[in-house]
There are 2 protein chains.
Amino acid sequence: MGKKSKAEKKAKNGKKKEEFTAEPHEQELASLLVQAARSMRTVLSRNLVESGLYAGQDGVMLALAETDGLTAGALAAKLGVKAPTMTRTIGRMEAQGFLERRPDEDDARLTKVYLTAPGRDRLQTIAEAGQHSEKLATRGLTEKQVRTLMKLLRVVDSNLQAARAAD
Amino acid sequence: MGKKSKAEKKAKNGKKKEEFTAEPHEQELASLLVQAARSMRTVLSRNLVESGLYAGQDGVMLALAETDGLTAGALAAKLGVKAPTMTRTIGRMEAQGFLERRPDEDDARLTKVYLTAPGRDRLQTIAEAGQHSEKLATRGLTEKQVRTLMKLLRVVDSNLQAARAAD
DNA sequence: AGCGATGATTTAAACAGTTTAAAGAAGGTT
DNA sequence: AACCTTCTTTAAACTGTTTAAATCATCGCT
């Protein structure tokens with residue numbers, strides 16, 4: 001790959017600043033978690049793209065699959081994002097035809113969100129994409145380790161959401 | 001909170017679509033991981049903002065703290081993003097004065113990235129922000145559980161990066 | 001009944017993060 | 001010298017995210 005030949009000539013640099021070079025650097029949980037999730041998003045996206053969704057939208061679909069007719073605010077809270085974020089996401093997904101907004105009949109301040117028939121058709125694909133990603137991600141782990149990981153992640157997520165809430 | 005009073009009148013809706021309402025929904029690893037990371041990003045951002053950084057930039061700083069003078073490509077690979085993403089991130093951080101680009105002396109195709117003095121000054125703050133976020137995130141977990149979590153996350157990340165690479 | 005407070009949603013504006021595809025620049029090879 | 005390869009950057013097009021302000025409906029109180 002024609003790079004080694006140059007690497008050797010590199011001893012003359014003379015700009016070493018090792019007084020600040022950190023030790024092998026104990027990797028932090030924060031970076032690690034964010035990075036693992038970045039990888040997951042990418043892989044998941046690749047598996048979701050065939051259904052016309054992006055990673056991040058699947059959470060909305062799954063939440064509605066469980067409880068159809070959630071309000072925008074409830075969805076935002078459930079996914080841990082702010083209301084305007086959810087408004088935009090819902091808007092995009094509505095434009096794609098996966099869900100629809102209907103005002104609540106009793107309290108017109110509320111907007112409830114429902115899966116459309118085409119949206120419901122995607123649920124299976126979404127579930128499969130998630131499972132496939134999970135399979136790739138957990139290669140070499142035992143089922144018990146996977147359960148442990150999920151349990152720990154749930155604790156971490158719950159802790160962090162609590163910390164966020166304490167604004 | 002004046003919402004309960006309305007919730008009761010809601011039995012008449014008549015638009016139930018329970019034929020598709022999923023069971024309590026076994027939460028997937030994929031969603032869980034992505035969501036936990038979203039929370040982490042938010043909390044970490046809050047702790048980083050005082051140093052003028054955004055979550056995601058800290059990874060670049062830490063990588064350079066360990067090995068100053070990495071190439072743009074090496075940074076991208078290390079953080080698991082594509083080259084143009086890294087170009088943009090580096091550009092922003094250079095504009096903020098935390099790092100600088102210098103062409104390699106021997107191979108002008110290579111751009112090496114170095115921490116500036118102000119950048120190096122931030123390292124301590126960044127480390128503290130990470131530690132603080134970690135502390136919040138792991139409340140109620142034993143040290144051993146945290147180590148387990150990190151070990152499992154490393155496996156997952158490594159698996160996923162391998163899967164991504166197999167383009 | 002009307003009016004002001006409350007609450008939910010949306011708009012607007014401003015960033016960061018990401019990707020793919022294409023263009024540029026420099027090296028190495030024949 | 002011409003060509004192919006490698007690394008970086010540009011360009012274009014998205015999604016995700018936030019804060020602050022605007023909109024609008026309901027609720028509670030006088």
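Within every chain, numbering begins at 1; the chains are lettered A, B, ... in the order of the sequence lines, protein sequences first and strands thereafter.
- Among the heavy atoms of the strands lying under 4.0 Å from A/Ala83 is at least one base atom, whether or not backbone atoms are also near.
- The CG-P distance, from A/Leu44 to C/dT18, rounds to 15 Å in whole Å.
- Comparing C/dG17, D/dT19, D/dA25 by their nearest atom to the side chain of A/Arg109 picks out D/dA25.
- B/Arg101 places no side-chain N or O within 3.5 Å of a backbone atom of B/Thr111 that could act as its donor or acceptor partner.
- Among the nucleotides D/dT18, C/dA26, D/dA11, the one closest to any side-chain atom of B/Pro84 is D/dA11.
- Residue B/Thr111 is in sugar-phosphate contact alone, with no base atom involved, counting any heavy-atom pair closer than 4.0 Å across all strands shown.
- B/Asp107 has its CG atom 6 Å from the P atom of C/dG28, to the nearest Å.
- As a whole-Å value, the separation of A/Leu75 CG from C/dA8 P is 14 Å.
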Could you run down the sub-3.5 Å N/O contacts of the protein with nucleotides 12-14 of chain D?
from, atom 1, to, atom 2, distance (Å)
D/dA13, N6, B/Arg88, NH1, 3.2

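- If you measure from atom CE of B/Met86 to atom P of C/dT18, you get 8 Å, rounded to the nearest angstrom.
- In this model, the phosphate group of D/dT17 is approached by a side-chain N or O of B/Arg38 to a distance below 4.0 Å at OP1 or OP2.
- In this structure, B/Lys82 places its NZ atom 16 Å from P of C/dA22, rounding to the nearest Å.
- Straight-line distance from the CD1 atom of A/Ile90 to the C1' atom of C/dT11: 15 Å, rounded to whole Å.
- Under the 3.5 Å distance criterion, the side-chain polar atoms of A/Gln96 are matched with a main-chain donor or acceptor of A/Gly52.
- Following rounding to the nearest Å, B/Met40 (CE) and D/dT17 (P) show an atom-to-atom distance of 16 Å.
- For A/Ala72, whose side chain is taken as the heavy atoms from C-beta onward, the closest listed nucleotide among C/dT19, C/dT10, D/dT17 is C/dT10.
- Transitive grouping of hydrophobic side chains (ILVMFWY, heavy atoms separated by less than 4.5 Å) keeps A/Tyr54 and A/Leu48 in distinct clusters.
- Under the side-chain contact (heavy atoms from CB on, under 4.5 Å) criterion, A/Val81 pairs with A/Ala76, A/Thr85, A/Met86, B/Arg38, not counting sequence neighbours.
- For B/Thr87, a side-chain nitrogen or oxygen approaches OP1 or OP2 of D/dT9 to under 4.0 Å.
- With B/Glu100 contributing its side chain and B/Thr116 its backbone, the two residues share no donor-acceptor pair below 3.5 Å.
- With sequence neighbours left out, A/Arg139 forms a salt bridge (Lys or Arg N to Asp or Glu O under 4.0 Å) with no residue at all.
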Does the side chain to side chain contact (heavy atoms under 4.5 Å, CB included) test come out yes or no for A/Glu134 and A/Val146, once each step is laid out? CA-CA 10 Å; A/Glu134 176 161 342; A/Val146 174; 4.0 Å; yes
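- The CZ atom of B/Arg46 sits 13 Å away from the C1' atom of D/dT19 (whole-angstrom rounding).
- Close to C/dT10, at under 4.0 Å from its OP1 or OP2, lies a side-chain N or O of A/Arg101.
- For C/dA8, neither phosphate oxygen OP1 nor OP2 lies less than 4.0 angstrom from any side-chain nitrogen or oxygen of A/Thr71.
- Mapping A/Ala108 and A/Thr85 onto DNA chain D via the closest heavy atom, the residue that lands nearer the 5' end is A/Thr85.
- In this structure, A/Arg122 contributes its side chain and A/Pro118 its backbone to a donor-acceptor pair below 3.5 Å.
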